[in-house]
Amino acid sequence: MAVVTTLSNNQKFTDEQSIRQCLKEFGIDYERWSPEHELSDEAPAEEVLGAYAKEIEQLKAQGGYVTADVINVTPETPGLDEMLAKFDREHWHDEDEVRFVIAGRGLFHIRSEAGVVAIEVGPGDLIRVPRGTHHWFNLCSDRRIRAIRLFQDITGWTPHYTESMIDRQYQPQCFGLSHLSGSIESR
């Protein structure tokens, strides 16, 4: 389950209804998915896409997405630091950024008129960052994420960077639910 933090008042949300309600203020769609069957961590991309075929087809129909793939990033991924540097600065895309996390954890920061919100996503979390939304992304400390991505254009997301430098004002801190248990106020 995601951990969502509104940074202006440090409110944390960990239940699905509160997360959805909070993220709606920032224009972000959030869902929880469960697979039709269990997948191993080493399942090939084709098997992952097959397990979620029904959900992927529904999203394609709803959002005009034309293709889906599976990204698998680990600390051993060649060029990992360079890849991450493309997305850890505030930017926006010409199309929606849609990710369903299968394994690992990552941290989206979203900036809107409502302020800045941090969204720590993990297995089972689906997030849609609409086109034009100012955001940045970091991996958590294990530097691992495996996710299904959907695209409206087969060329993928191209980041358009802002000059705000606001991303440098926030530390990418991931805690996960186990770290926060007992200290979270679910709303």
Side-chain angles (χ1 to χ4, degrees), residues 1-33 41 71-93 96-130 132-149 157 159-187:
M1 179 72 72
V3 176
V4 172
T5 307
T6 56
L7 299 175
S8 61
N9 60 9
N10 202 32
Q11 273 190 299
K12 294 193 186 319
F13 303 95
T14 59
D15 67 276
E16 188 173 351
Q17 181 179 352
S18 296
I19 289 169
R20 282 186 184 170
Q21 184 177 342
C22 174
L23 293 181
K24 186 176 183 176
E25 294 178 38
F26 291 85
I28 305 302
D29 294 329
Y30 172 81
E31 296 179 29
R32 288 285 301 168
W33 279 8
D41 286 345
I71 187 167
N72 189 27
V73 177
T74 68
E76 294 79 31
T77 298
L80 179 60
D81 290 330
E82 294 80 15
M83 179 192 333
L84 294 175
K86 290 182 359 184
F87 299 105
D88 73 351
R89 297 186 344 215
E90 186 181 56
H91 62 279
W92 55 276
H93 304 286
D96 298 348
E97 183 169 346
V98 180
R99 290 189 191 192
F100 169 65
V101 181
I102 299 164
R105 296 193 77 75
L107 184 65
F108 283 91
H109 281 89
I110 307 295
R111 181 172 65 97
S112 74
E113 291 179 10
V116 177
V117 66
I119 310 163
E120 183 179 339
V121 293
D125 293 324
L126 173 84
I127 186 170
R128 184 183 68 84
V129 179
T133 302
H134 290 199
H135 68 285
W136 59 97
F137 178 79
N138 303 95
L139 286 179
C140 292
S141 61
D142 67 353
R143 295 169 56 97
R144 173 167 164 55
I145 197 160
R146 189 166 198 208
I148 296 172
R149 305 180 301 175
W157 307 309
H160 301 284
Y161 299 104
T162 70
E163 299 298 322
S164 73
M165 303 295 286
I166 193 168
D167 50 88
R168 301 305 175 228
Q169 296 174 25
Y170 298 95
Q171 291 297 314
Q173 296 179 349
C174 299
F175 296 111
L177 291 175
S178 62
H179 176 80
L180 296 171
S181 63
S183 66
I184 293 181
E185 178 180 342
S186 294
R187 296 184 189 264

(message) Would you compute the distance between atom CZ of Arg99 and atom CG of Asp125 and round it to the nearest 0.5 angstrom?
(response) 12.5 Å
(request) Could you tell me whether the side chain of Arg20 and the main chain of Tyr30 form a donor-acceptor pair under 3.5 Å? (result) yes
(message) Please find the pair of heavy atoms, one from Leu107 and one from Ala118, that lie closest to each other, and give the distance.
(response) CD1-CB, 4.0 Å
(message) What I'd like to find out is whether the side chain of Pro130 reaches to under 4.5 Å of the side chain of Glu97, using heavy atoms alone.
(response) no
(request) Would you give the length of the straight line joining atom CG of Leu23 to atom CD1 of Ile127, rounded to the nearest 0.5 angstrom? (result) 6.5 Å
(message) Under the rule for side-chain contact (heavy atoms from CB on, under 4.5 Å), what residues qualify as partners of Leu84, not counting sequence neighbours?
(response) Leu80, Leu139, Arg143
(message) For Phe87 versus Pro159, what's the shortest heavy-atom pair and its separation?
(response) CE2-CG, 4.2 Å
(request) Decide yes or no for Met83 and Val73: does some side-chain heavy atom of the first lie under 4.5 Å from some side-chain heavy atom of the second? (result) yes
(request) Could you tell me whether the side chain of Val4 reaches within less than 4.5 Å of the side chain of Lys12, counting heavy atoms only? (result) no
(request) Determine yes or no for a side-chain-to-main-chain donor-acceptor pair under 3.5 angstrom, with Asn138 supplying the side chain and Pro172 the backbone. (result) no
(message) Other residues, nucleotides and ligands only: do more than 12 of their heavy atoms fall within 6.0 Å of CD on Gln169?
(response) yes
(message) Side chains of Trp92 and His160: any donor to acceptor distance under 3.5 Å?
(response) no
(message) Taking Asp88 first and then Arg168, would you say they form a salt bridge - that is, a charged N and a carboxylate O separated by under 4.0 Å?
(response) yes
(request) Scan side-chain atoms only and decide if Asp15 and Gln17 contain a donor-acceptor pair under the 3.5 Å cut-off. (result) no
(request) Specify the closest pair of heavy atoms between Gly104 and Asp142, including all atoms of both residues, with the distance to one decimal. (result) CA-OD2, 4.5 Å
(request) To the nearest 0.5 angstrom, please state how far the CD1 atom of Ile145 sits from the CD1 atom of Ile102. (result) 9.5 Å
(request) Please tell me if the side chains of His109 and Leu7 come closer than 4.5 Å, counting only heavy atoms from C-beta onward. (result) yes
(request) Check whether any side-chain N or O of Thr6 sits under 3.5 Å from a backbone N or O of Ser8 as a donor-acceptor pair, and report yes or no. (result) no
(message) If you apply the rule side-chain contact (heavy atoms from CB on, under 4.5 Å), what do you find for Arg32 with Leu126, and how did you get there?
(response) CA-CA 6 Å; Arg32 288 285 301 168; Leu126 173 84; over 6 Å; no
(request) Identify the heavy atoms of Glu90 and Asp167 that sit nearest to each other, and give their distance. (result) N-OD2, 2.9 Å
(message) A side-chain contact here means heavy atoms from C-beta on lying under 4.5 Å apart; do Ile19 and Met1 qualify?
(response) yes
(request) Could you tell me which non-hydrogen atom of Pro123 sits nearest to which non-hydrogen atom of Ala103, and how far apart they are? (result) CG-CA, 4.0 Å
(request) Give the intermediate values and the outcome of side-chain contact (heavy atoms from CB on, under 4.5 Å) for residues Ile28 and Val129. (result) CA-CA 5 Å; Ile28 305 302; Val129 179; 4.3 Å; yes
(message) Tell me whether Arg149 contacts the main-chain N or O of Ile71 through its side chain, where contact means a donor paired with an acceptor under 3.5 Å.
(response) no
(message) Any heavy-atom pair between the side chains of Val117 and Phe13 that's under 4.5 Å?
(response) no
(request) Decide, yes or no, whether a salt bridge links Glu82 with Lys86 under the criterion of side-chain N to carboxylate O below 4.0 Å. (result) no
(message) Can you confirm if the aromatic rings of His91 and His135 lie within a centre distance of less than 6.0 Å?
(response) yes
(request) Kindly give the heavy-atom pair with the smallest separation between Asp96 and Arg128, and that separation in Å. (result) OD2-NH1, 3.3 Å
(message) In the structure I gave you, are the side-chain heavy atoms of Asn72 and Arg144 within less than 4.5 Å of one another anywhere?
(response) yes
(message) With a 4.5 Å cut-off on side-chain heavy atoms, are Arg111 and Tyr170 touching?
(response) no
